[in-house]
Amino acid sequence: MIIMQGALIFLILGIMFVVFSVFAEDYYFSRKLKAIESSFQVLSKQDMSKISNASKSILAFEEQKLRFIICDEDFTPVYVTTKRNNVISVKTKIKSKIINKKEKYPVNQIKTKNLNNKILGRGIITQKEHSYYVYVEELKPNTKIHFSYYNLFFAVIVVLTALVGMIVSIIISNRICRPIKQFEEKTREAADNNYSIDISEKQKFKELSELARSFNKMMAKIREQINSLEREIQRKTNSENLRRQFVNNVSHEMKTPLAIISNQVEMLELLHDEEKKREYCQSIIEETDNMAEMINDMIMVYSIQSDEENMTVSCSDINELVEFTCRDYDKLIEAKKFSIHEQYPEECTAWVNEKFFTQAVSNYLTNAIKHCSEEGNIFVRVFSLDDFIRVEVENEGSHIDGQRKNNIWDMFYQGNDAYTLNGQKGSGLGLYLVKSIVELHHGRYGFENTDRGVMFYIELPKTYSEI
């Protein structure tokens with residue numbers, strides 16, 4: 001193990017030395033070139049007419065051993081990096097580095113070069129209709145890399161060598177004792193009620209592989225039994241919550257109509273006007289009918305929610321179901337002096353629960369009748385699309401404004417009675433029922449304001465999917 005580890009470390013050190021020898025110098029020059037390009041970008045964002053020797057941005061780059069010569073279009077110095085113990089004529093520098101080579105200066109960009117191990121950059125910055133020549137060079141060019149880069153590379157080599165040595169030691173030790181440790185850890189986790197664990201069956205020894213296979217089978221059976229118990233507990237919890245919610249909703253929503261009926265019955269004993277008595281009796285009958293409708297709708301909601309997991313579907317003729325539902329409303333439509341117009345495709349089938357689907361269509365029709373204008377028209381259309389069937393129920397009447405469009409699908413939302421043109425009150429559960437039924441079928445629902453009134457629609461997938 002020691003010989004293998006030592007040989008591997010020496011191999012890695014040799015590779016590192018080759019990499020260092022080949023790429024270190026290029027790495028150094030690339031860093032310098034990027035520093036020159038960065039300095040030009042920083043200068044471009046500053047006001048060149050106000051740049052000074054105290055500019056922090058230039059000082060930061062000068063600390064990286066860069067020298068700057070900047071002059072305007074008249075070749076008057078704007079900024080020059082001073083060099084200690086080496087006074088050089090600025091004019092001579094500008095003439096030799098800028099004036100004699102001004103054709104090499106690109107506009108609003110910098111052109112860098114690495115000639116004879118000397119790094120430099122030339123560029124022109126244009127600001128406020130003025131041009132500034134920028135010359136940047138390495139302060140102390142030489143053919144060898146600065147010692148700081150040597151230190152950086154060797155520090156990286158030392159760290160990598162240490163890391164590789166540690167990794168190799170861990171790998172070698174794990175190859176010997178990993179199977180035993182794995183069994184110990186997994187067994188301890190299982191004892192702490194963590195049953196979502198498995199052991200790799202690809203072991204070096206046949207006996208350990210068989211043991212791992214038996215352990216995984218045992219864990220799989222335990223997980224299956226736990227999941228089954230959790231589903232049963234969740235189902236019973238949901239049923240209990242639905243029962244409580246149903247009781248609470250019934251008791252809450254029945255308070256108002258019962259209070260109205262109680263008050264009107266008390267008033268009947270005090271009234272002697274027969275006309276008033278008939279009005280109160282009619283009001284009691286209407287409230288009783290509303291209570292019956294509300295109870296039926298709430299029972300339907302409870303049925304849908306409680307049967308969600310066990311809902312059965314069948315491939316049904318949608319045209320037949322919609323047409324059959326429309327016939328139930330013929331007498332009411334005739335009594336209201338409405339006209340119904342139906343449109344069906346030649347063939348349209350889909351996987352639906354017929355009871356729930358017809359209930360959704362019936363609720364749309366009831367809603368259309370309640371809100372249809374006097375002697376208006378109701379339109380029922382069925383479309384067979386590629387993957388969906390679409391049922392539309394449209395009535396002539398007022399549009400649904402923005403204040404109500406987000407609330408009409410809520411449970412017990414009845415809105416403003418003034419919007420009900422025919423004076424009929426609802427339970428506030430009709431559209432909520434449609435929403436629940438469509439979601440149970442993994443479909444879409446909604447409405448659109450049209451030129452004639454309002455159109456409600458249902459889109460259900462044609463293919464069967466597990467509920």
Side-chain heavy atoms of Arg381 within contact of Glu394, under 4.5 Å
yes
- prompt: Would you say Val313 and Val352 make side-chain contact, with heavy atoms under 4.5 Å?
  reply: no
CD (Gln41) and CD (Gln109) are apart, to the nearest 0.5 Å, by 10.0 Å
Can you see whether Ser384 engages Lys462 through a side-chain donor-acceptor pair at a distance of less than 3.5 angstrom?
yes
Glu73 and Ser131 have their tightest heavy-atom pair at OE1-N, 2.7 Å
Quiz prompt | Main-chain N/O of Arg223 paired to Asn227 side chain as donor or acceptor, under 3.5 Å | solution = yes
Discussion item. For Asn353, is there any backbone N or O sitting under 3.5 Å from a side-chain donor or acceptor partner on His441?
Written reply: yes
Given Thr112 and Ile119, is the side-chain contact (heavy atoms from CB on, under 4.5 Å) satisfied, shown in steps?
CA-CA 7 Å; Thr112 58; Ile119 302 171; 5.8 Å; no
Original post:
Does CD belonging to Glu347 count more than 12 external heavy atoms closer than 6.0 Å?
Top reply: no
To the nearest 0.5 Å, atom CG of Leu433 lies from atom CZ of Phe356 at 9.5 Å
One should read off an interatomic distance between Glu459 CD and Phe383 CZ, to the nearest 0.5 angstrom, of 10.5 Å
* Are Asp47 and Lys128 close enough, and set up right, to give a side-chain contact (heavy atoms from CB on, under 4.5 Å), and what steps lead you there? -> CA-CA 9 Å; Asp47 188 352; Lys128 301 178 181 179; 3.9 Å; yes
- Is any side-chain heavy atom of Phe338 closer than 4.5 Å to a side-chain heavy atom of Ile369? yes
Rounding to 0.5 Å, atoms CD1 (Ile378) and NE2 (His371) come to a distance of 11.5 Å
Salt bridge (charged side-chain N to carboxylate O under 4.0 Å, His left out) filter on Arg213, not counting sequence neighbours, yields Glu201, Glu210
Trace of the side-chain contact (heavy atoms from CB on, under 4.5 Å) decision for Phe324 with Thr358: CA-CA 9 Å; Phe324 177 80; Thr358 55; 5.6 Å; no
* Verify, without hydrogens or angle tests, whether Asn108 (side chain) and Thr126 (backbone) share a donor-acceptor contact under 3.5 angstrom. => yes
From the list Ile400, Leu365, Asn363, side chain to side chain contact (heavy atoms under 4.5 Å, CB included) partner of Phe456 resolves to Ile400
Backbone of Asn377 reached by a side-chain donor or acceptor of Glu396 within 3.5 Å: yes
Closest non-hydrogen contact found for Tyr457 with Tyr364 is O-OH, 3.0 Å
Minimum side-chain heavy-atom gap Lys336-Cys372 below 4.5 Å:
no
Nearest heavy-atom contact between Pro345 and Val382 is CD-O, 3.1 Å
Closest heavy-atom pair, Ser38 versus Phe61, reported as atoms and distance to 0.1 Å, is C-CZ, 3.8 Å
When every non-hydrogen atom of Asp317 is compared with those of Thr349, the smallest separation belongs to CA-CG2, 4.2 Å
One should read off an interatomic distance between Arg122 CZ and Ile36 CD1, to the nearest 0.5 angstrom, of 11.0 Å
Heavy atoms of other groups near Glu342 CD, more than 12 under 6.0 Å:
yes
The ring pair (Phe, Tyr, Trp, His ring centres under 6.0 Å) partners of Tyr445 (sequence neighbours excluded) come to Trp409
Across all chains, not counting sequence neighbours, the ring pair (Phe, Tyr, Trp, His ring centres under 6.0 Å) partners of Tyr133 are Phe75, Tyr105
### Query
If you draw a 6.0 Å radius around CD in Glu439, do more than 12 non-hydrogen atoms from other residues or ligands fall strictly inside?
yes
> Could you walk me through whether Leu431 and Lys435 pass the side-chain contact (heavy atoms from CB on, under 4.5 Å) check?
Replying inline: CA-CA 6 Å; Leu431 294 181; Lys435 170 186 173 182; over 6 Å; no
Side chains of Ser49 and Tyr132: any donor to acceptor distance under 3.5 Å? no
One should read off an interatomic distance between Ser316 OG and Leu321 CG, to the nearest 0.5 angstrom, of 5.5 Å
**Asked** Quick one: are Asp328 and Ser362 in side-chain contact, heavy atoms under 4.5 Å?
**Response** no
The single option from Val391, Ile318, Val322 that satisfies side chain to side chain contact (heavy atoms under 4.5 Å, CB included) with Cys348 is Ile318
Of all heavy-atom pairs linking Leu43 and Gln127, the shortest is O-NE2, 3.9 Å
(message) Under a 3.5 Å distance rule, please check whether His399 uses its side chain to pair with a backbone N or O of Thr450 as donor and acceptor.
(response) yes
